[in-house]
Amino acid sequence: MAASGTLVVYRAVFTALGLSMVGTLVYTCITDGSPFRAELLTPWMVTTLVDFYVNVVAISIWVVYKEVNWISSVFWVVLLFCFGSATTCAYIVTKLFEITPSGPSQDPLDHLLLRQDNLPERKCSFVTVGRTIFSILGILMAALVMYTVVTDGLPFRKDLLTPWMAATLFDFYIDVFAISVWVVHKESTWISSVIWICLLICFGSITTCGYIVVQLLQVSYQDPIYHVLLNSHSKKI
């Protein structure tokens, strides 16, 4: 019963967020025109877009892991890069509707995060590659933020908050919310969850990359790679 209720809440939340994002995109297109204009690409808009797409890369890797064939993987990844968090929400809701709770002790997030077919246990090389990729992305993102602060000043200025910047930030933080759901699932205490979520809100994909690297460092080369997705109580699934 608890698992069913949790499923309903997740479905409702991500459906509402996805529809809100679609509404925001439509409204901004109508009121401010197309986003494909050179004058919109201010230094902080470029930095925000890079920040956004680093998170999209992290979500896309999970999608590729989840999908059973390359056609569906490419389809969803293309949609993620084109439509951002609206696709993130649509994908999560689609997968949530594929879950049938098998008992009150079953956490729906375990079923959401993992592939449900017989996946071979991918180990050493994937852990090493993941640590390398996300370490590089995190360092590059931190360098870009520092460069933009030095060359264009702080981002807390009213003139930067154009309609498309506001829409981009809303898009960005819906993906941050999705990643935060995973973080809360992973962490063993509310204190650590709150700390990581605050860091995600403040530093975006720099924190995403840092968190993923930390989790990959806790996975030994003998463990299946899917262990990085689960909390300590779920790794026997």
Side-chain angles (χ1 to χ4, degrees), residues 1-22 55-69 72-73 75-77 79-80 83-122 126 130 171-198 200-201 207-208 211-212 214-216 218-219 223-237:
M1 191 66 165
S4 298
T6 304
L7 265 177
V8 171
V9 171
Y10 284 137
R11 290 168 182 167
V13 168
F14 281 103
T15 298
L17 287 174
L19 292 174
S20 297
M21 190 63 238
V22 171
N55 276 344
V56 170
V57 167
I59 294 169
S60 296
I61 290 173
W62 170 63
V63 168
V64 171
Y65 157 77
K66 279 280 292 182
E67 292 303 300
V68 295
N69 60 69
S72 59
S73 296
F75 171 77
W76 281 109
V77 169
L79 288 180
L80 279 166
F83 300 107
S85 65
T87 303
T88 302
C89 293
Y91 185 80
I92 291 173
V93 170
T94 299
K95 295 304 171 183
L96 286 170
F97 273 103
E98 294 176 0
I99 297 172
T100 303
S102 54
S105 62
Q106 294 293 321
D107 191 333
L109 281 182
D110 289 334
H111 295 286
L112 173 65
L113 291 168
L114 298 182
R115 279 180 70 161
Q116 299 305 309
D117 62 351
N118 294 320
L119 182 69
E121 293 189 350
R122 300 173 178 179
F126 288 87
D171 205 6
F172 174 81
Y173 280 110
I174 290 176
D175 276 347
V176 167
F177 175 79
I179 294 168
S180 297
V181 171
W182 170 55
V183 169
V184 172
H185 180 67
K186 281 283 295 181
E187 291 303 301
S188 57
T189 69
W190 282 105
I191 294 175
S192 60
S193 297
V194 169
I195 290 172
W196 278 111
I197 290 171
C198 288
L200 280 166
I201 292 170
T207 303
T208 302
Y211 187 77
I212 292 173
V214 168
Q215 300 309 309
L216 286 170
Q218 295 176 5
V219 177
D223 291 330
I225 189 62
Y226 68 77
H227 276 195
V228 76
L229 296 169
L230 302 176
N231 59 33
S232 58
H233 301 295
S234 305
K235 290 182 179 177
K236 294 182 180 180
I237 289 180

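Quantities reported herein were computed from a predicted structural model and do not represent experimental measurements.
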Colleague: How many angstroms lie between atom CG of Leu229 and atom CG of Leu109, to the nearest 0.5 angstrom?
Modeller: 11.0 Å

Colleague: Between Lys66 and Leu112 (side chain of the first, backbone of the second, donor and acceptor by atom type, cut-off under 3.5 Å), is there such a pair?
Modeller: yes

Colleague: If we only count heavy atoms from C-beta on, is the Leu200 to Tyr211 side-chain gap below 4.5 Å?
Modeller: no

Colleague: Keeping the roles fixed (side chain from Lys186, backbone from Val228), state whether a donor-acceptor pair exists under 3.5 Å.
Modeller: yes

Colleague: Please report the shortest heavy-atom distance between Ala86 and Gly18, naming the atom on each side.
Modeller: CB-O, 4.4 Å

Colleague: Run Ile212 and Trp182 through side-chain contact (heavy atoms from CB on, under 4.5 Å) and show every step you take.
Modeller: CA-CA 11 Å; Ile212 292 173; Trp182 170 55; 4.1 Å; yes

Colleague: For the atom pair CH2 (Trp62) and CH2 (Trp76), what is the distance rounded to the nearest 0.5 Å?
Modeller: 10.0 Å

Colleague: What closest approach, in Å, do Met21 and Ile174 show between heavy atoms, and which atom pair accounts for it?
Modeller: CB-CD1, 3.8 Å

Colleague: Assess whether side-chain contact (heavy atoms from CB on, under 4.5 Å) is satisfied between Tyr10 and Ile92, documenting all intermediate values.
Modeller: CA-CA 9 Å; Tyr10 284 137; Ile92 291 173; over 6 Å; no

Colleague: Do other residues, nucleotides or ligands put more than 12 heavy atoms under 6.0 Å from the CZ atom of Phe83?
Modeller: no

Colleague: Could you report the tightest heavy-atom contact between Leu96 and Arg11, atom names first, then the distance?
Modeller: O-NH2, 3.0 Å

Colleague: For a quick test of reading the model, state the closest non-hydrogen atom pair linking Phe14 to Cys89 and the distance between them.
Modeller: O-CB, 3.3 Å

Colleague: From Phe177 CZ over to Ile197 CD1, what is the distance, rounded to the nearest 0.5 angstrom?
Modeller: 9.0 Å

Colleague: Between Leu80 and Thr87, what is the shortest heavy-atom contact and its length?
Modeller: N-CG2, 3.7 Å

Colleague: So Ile195 and Glu187, side-chain contact (heavy atoms from CB on, under 4.5 Å) or not? Walk me through it.
Modeller: CA-CA 10 Å; Ile195 290 172; Glu187 291 303 301; over 6 Å; no

Colleague: In sequence, state the C-alpha distance, the side-chain angles, and the governing distance for Leu114 and Tyr65, and then conclude on side-chain contact (heavy atoms from CB on, under 4.5 Å).
Modeller: CA-CA 8 Å; Leu114 298 182; Tyr65 157 77; 3.4 Å; yes

Colleague: Regarding Asp175 and Ser85, is there a side-chain donor-to-acceptor distance under 3.5 Å anywhere?
Modeller: no

Colleague: Provide the closest heavy-atom pair for Val184 versus Ser193 in the form atom of the first, atom of the second, distance.
Modeller: CA-OG, 3.8 Å

